[in-house]
Asker: 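I have a structure here, written as structure tokens, and I will follow up with some questions on it.
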There are 2 protein chains.
Amino acid sequence: MAVTISDVARAAGVSRGAVSLALNGHAGVGNQTRQRILNTAKTLGWTPSLRAKSLRSAKAYALGLVIAREAKLLGSDPFFPSFIAGVEMTLEKHDYTLVLTVATEPGAEERSYRKLADGGRVDGVILSDVRHDDSRIALLSGLGLPAVTLNRPDTPSPFPAVCMDDAVGITAAVEHLMSLGHTRIAHVGGEQAYLHGRSRRRAWGNALTAAGLDADLFAEADFTAPGGVAATARLLARKNRPTAIVYANDLMATAGQSYAQAHGLNVPGDLSVTGYDNAQFARYLNPPLTTIAADPLAWGREAAAMLLGQVKGTHDGGDLVLRPPRLVLRGSTAVVPKHVAAVAEDRSQISTAGI
Amino acid sequence: MAVTISDVARAAGVSRGAVSLALNGHAGVGNQTRQRILNTAKTLGWTPSLRAKSLRSAKAYALGLVIAREAKLLGSDPFFPSFIAGVEMTLEKHDYTLVLTVATEPGAEERSYRKLADGGRVDGVILSDVRHDDSRIALLSGLGLPAVTLNRPDTPSPFPAVCMDDAVGITAAVEHLMSLGHTRIAHVGGEQAYLHGRSRRRAWGNALTAAGLDADLFAEADFTAPGGVAATARLLARKNRPTAIVYANDLMATAGQSYAQAHGLNVPGDLSVTGYDNAQFARYLNPPLTTIAADPLAWGREAAAMLLGQVKGTHDGGDLVLRPPRLVLRGSTAVVPKHVAAVAEDRSQISTAGI
DNA sequence: GTGATTCACTAGATCGATTTAGTAGCCGTC
DNA sequence: GACGGCTACTAAATCGATCTAGTGAATCAC
């Protein structure tokens with residue numbers, strides 16, 4: 001920090017320009033002079049000032065991530081920490097760092113993006129938790145800030161996307177439950193304002209209708225444990241209660257499973273349950289939770305790589321599709337209870353007869 | 001970004017210096033000139049270039065946090081996301097941002113600190129997960145980087161600390177268990193290289209010996225679920241198995257409880273269990289987990305505030321002690337099983353007689 | 001009424017690196 | 001031996017803000 005390029009120049013008896021050329025491996029200095037400069041730089045313990053570099057090159061050497069979450073919800077989200085670890089895996093190979101902003105209040109999100117963009121604190125941002133008709137797309141293109149989105153927005157977006165299809169996992173979960181004889185399969189979804197809330201619901205609905213079943217047992221929640229409890233309570237209070245519930249994340253599944261057990265239902269004997277995320281605690285629940293394992297680490301790694309490419313102008317602009325999450329079978333799913341199966345059998349005969 | 005202070009100066013018909021004075025509210029420009037400058041700046045949409053400011057003021061306007069964790073462990077830690085949210089609560093009020101680095105490999109940690117310090121990317125760092133004889137203290141003072149530590153290191157440290165005493169909660173947990181009649185109370189600790197691993201163990205031991213009980217049922221683990229399982233297995237395999245286990249975090253408690261149940265033990269009927277962290281899922285376990293609720297949000301908020309004070313030279317150098325975590329009673333703890341209580345009674349009589 | 005002081009403002013240096021334009025010296029060539 | 005072309009380097013501008021020194025004009029004191 002204290003030692004600058006001028007100090008090196010003086011010590012080596014050359015001009016600042018020569019030092020710059022030597023240190024950056026550019027042509028224009030003779031070999032012995034270059035060596036002398038390199039040696040003195042090393043001896044003096046010179047390190048480049050990122051601040052000077054930034055000003056000169058009009059680059060921040062940093063990428064941004066804005067997380068919009070209520071503060072108290074953040075601790076229970078298994079996604080972001082792993083995702084960020086993935087981002088770092090890419091960044092540590094380059095001379096970039098991650099600037100993280102948490103927007104805990106609704107209005108704070110836009111302010112956060114402006115804060116990152118205005119002063120030129122970052123060279124680009126990763127857009128996560130994409131929402132239906134997401135206003136941030138327009139905001140960022142207005143700000144002229146390069147970006148990469150996690151999954152493709154449902155509005156026209158100038159930014160490339162790194163995609164991980166959550167439909168595949170949900171479809172697998174529903175099909176798994178159907179193969180166990182379930183016909184009344186409910187879904188507790190996250191906020192439908194989020195694209196991943198929507199796509200999970202859609203996948204659930206499609207899998208059911210493709211099998212000729214009704215997709216009517218839906219309850220919207222908010223990805224939180226209390227929300228999961230409330231949604232589960234609504235579903236179980238129905239006259240035609242589900243025999244299986246596909247939750248949009250592990251936290252809601254955990255809370256829902258706990259609620260069902262507290263009300264005398266055996267899981268999976270009376271009710272099968274699946275989650276999403278494969279949180280580490282999920283396999284230690286009682287029963288262990290059948291869930292869907294995504295790969296947030298890879299997602300972070302690739303998103304950062306794509307954004308770097310975007311910033312450096314080497315990215316071609318195309319989307320990248322990652323390997324989809326896979327179903328992890330554990331003890332929270334089992335064959336449909338016999339008496340229910342019998343009833344379902346009756347019904348299906350009746351409905352078949354009715355056609 | 002495109003519009004600079006020179007543009008404003010030209011448009012307002014004054015010098016760059018005058019614009020700077022006006023925009024920063026310094027004396028030296030007349031009132032009407034100041035207004036004119038402010039207006040033109042607003043009209044042109046000028047925002048200060050953080051890069052130029054940084055170079056000029058030799059400040060980064062950013063604080064750093066290095067998280068050293070294996071990538072796959074990060075998703076299950078309820079501490080950091082909340083902690084970071086707390087840090088942001090403080091930073092968003094100032095013109096600072098958080099630069100986050102994740103060091104997933106052992107050697108990467110020092111590199112991370114150097115990366116933050118060398119280029120002058122941050123003005124200070126928060127030192128978390130303080131270890132016994134922590135080498136980072138010397139590293140950071142060598143680098144001349146201001147810092148704040150979470151809890152006071154056990155080596156002389158020039159940095160102020162924000163402290164949250166985890167002994168209080170553990171002591172409360174042990175006393176709670178003793179009040180339920182337990183005498184064979186084990187502890188599954190985290191790595192003893194961490195100060196919070198040590199202090200929790202010490203608190204457990206002290207509480208037991210203060211009550212005249214032996215603190216011999218200790219098993220070291222690593223804060224992970226598999227580690228919790230292994231440690232629990234070792235404890236339960238002892239001839240004189242514990243009737244209660246105090247775990248150093250919720251994840252290990254969850255895994256341990258699950259292991260005990262899988263091996264035919266009723267929790268809390270045969271074995272009482274307590275955790276630490278009050279992770280959101282903990283109250284939805286079966287049974288709900290008795291645990292210790294810290295306040296990582298407040299910790300982050302105060303640590304950031306202290307570091308900012310440190311950086312700006314307004315901090316007095318003293319430590320700050322936050323309110324200690326509190327015990328949250330749930331269903332995983334209950335009175336000691338009768339037959340065990342009888343045996344314990346016998347023993348205590350014998351040992352008393354032996355004195 | 002003259003010297004001192006204050007006010008409002010400007011010119012230019014500065015932070016640390018990169019880059020452009022230019023120069024001195026050397027070699028080769030016709 | 002004059003010129004072109006090359007290498008190895010230097011001086012100075014540049015990025016965008018801030019800070020220092022200084023200037024001209026107005027005001028004040030005695």
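Residue numbers start from 1 in every chain, and the chains themselves are labelled A, B, ... in the order their sequence lines are given, proteins ahead of strands.
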Asker: Starting the side chain at C-beta, find the nucleotide from D/dC15, D/dA17, D/dT18 nearest to B/S49.
Answerer: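 Taking heavy atoms from C-beta onward, the closest nucleotide is D/dA17.
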Asker: If you only use heavy atoms from C-beta on, which nucleotide in D/dA13, C/dA13, C/dT19 is closest to the side chain of A/R16?
Answerer: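 Nearest nucleotide to the side chain: D/dA13.
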Asker: Would you tell me if any nitrogen or oxygen in the side chain of B/S15 comes within less than 4.0 Å of OP1 or OP2 on C/dT10?
Answerer: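 So the side chain of B/S15 is within the cut-off, an N or O lying under 4.0 Å from OP1 or OP2 of C/dT10.
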Asker: Whole angstroms only, please: what is the CZ-C1' distance between A/R34 and D/dA8?
Answerer: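 About 11 Å, once rounded to whole Å.
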Asker: What does A/G17 touch in the nucleic acid at a heavy-atom separation under 4.0 angstrom: a base, only the sugar-phosphate, or nothing?
Answerer: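 Base, at least one base atom sits under 4.0 Å.
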Asker: B/W46 side chain N/O closer than 4.0 Å to the phosphate oxygens (OP1, OP2) of D/dA17?
Answerer: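 Yes, within the criterion.
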Asker: Show your working on side-chain contact (heavy atoms from CB on, under 4.5 Å) between B/Y113 and B/L127 and close with a plain yes or no.
Answerer: CA-CA 10 Å; B/Y113 282 107; B/L127 210 68; 3.2 Å; yes
Asker: Check the distance between C/dG16's C1' and A/R10's CZ and give it to me in whole angstrom.
Answerer: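 One finds 13 Å between C1' of C/dG16 and CZ of A/R10, rounded.
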Asker: Mapping B/A18 and B/L55 to their closest nucleotides on DNA chain D, which lands nearer the 5' end?
Answerer: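 Taking each residue's closest nucleotide, the earlier one in sequence belongs to B/L55.
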Asker: Checking all strands, does B/G28 fall into the base, sugar-phosphate, or nothing category for heavy-atom contacts under 4.0 angstrom?
Answerer: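 B/G28: base contact, heavy atoms under 4.0 Å.
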Asker: Roughly, in whole Å, what's the span from CG in A/L21 to C1' in D/dT7?
Answerer: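 About 13 Å, once rounded to whole Å.
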Asker: Output yes when A/D7 and A/R16 qualify as a salt bridge under the 4.0 Å nitrogen-oxygen rule, no when they do not.
Answerer: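 Looking at A/D7 and A/R16, the cut-off is not met.
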Asker: Between atom CG in B/N31 and atom P in C/dA8, what is the gap in whole Å?
Answerer: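 My rounded result for the distance is 8 Å.
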Asker: Given atom CG of A/L44 and atom P of C/dA17, what is their separation to the nearest angstrom?
Answerer: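 For the pair A/L44 CG and C/dA17 P, the rounded distance is 12 Å.
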Asker: C/dA17 C1' sits how many Å from A/H26 NE2, rounded?
Answerer: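 Distance check: A/H26 NE2 to C/dA17 C1' gives 13 Å.
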Asker: Measuring centre to centre across the rings, with the benzene-like ring taken for any Trp, is A/H196 within less than 6.0 Å of A/F79?
Answerer: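 No, the ring of A/H196 stays outside the 6.0 Å limit from the ring of A/F79, centre to centre.
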Asker: Salt bridge check: are B/R131 and B/E109 linked by an N-O gap of less than 4.0 Å?
Answerer: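 Looking at B/R131 and B/E109, the cut-off is met.
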Asker: Identify whether any heavy atom of A/S20 sits under 4.0 Å from a base atom; if not, whether one sits that close to sugar-phosphate; answer base, sugar-phosphate or nothing.
Answerer: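 Here A/S20 touches the bases of the nucleic acid.
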Asker: Given side-chain contact (heavy atoms from CB on, under 4.5 Å), test B/L139 with B/R114 step by step and report yes or no.
Answerer: CA-CA 9 Å; B/L139 173 66; B/R114 289 188 184 280; 3.6 Å; yes
Asker: Whole-Å distance between D/dT18 C1' and B/L50 CG?
Answerer: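 So the two atoms are 14 Å apart, to the nearest Å.
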Asker: Among D/dC19, C/dT18, C/dG16, which nucleotide sits nearest the side chain of A/R56?
Answerer: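 Selected nucleotide (nearest to the side chain): C/dT18.
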Asker: Between atom NZ in B/K59 and atom C1' in D/dG16, what is the gap in whole Å?
Answerer: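 To the nearest whole Å, that distance equals 16 Å.
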Asker: I want to confirm an ordering. Mapping A/T33 and B/A52 to their closest nucleotides on DNA chain D, which one lands closer to the 5' end?
Answerer: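 Taking each residue's closest nucleotide, the earlier one in sequence belongs to A/T33.
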Asker: Please classify the nucleic acid contact of A/V14 as base, sugar-phosphate, or nothing, using heavy-atom distances under 4.0 Å.
Answerer: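 Sugar-phosphate only.
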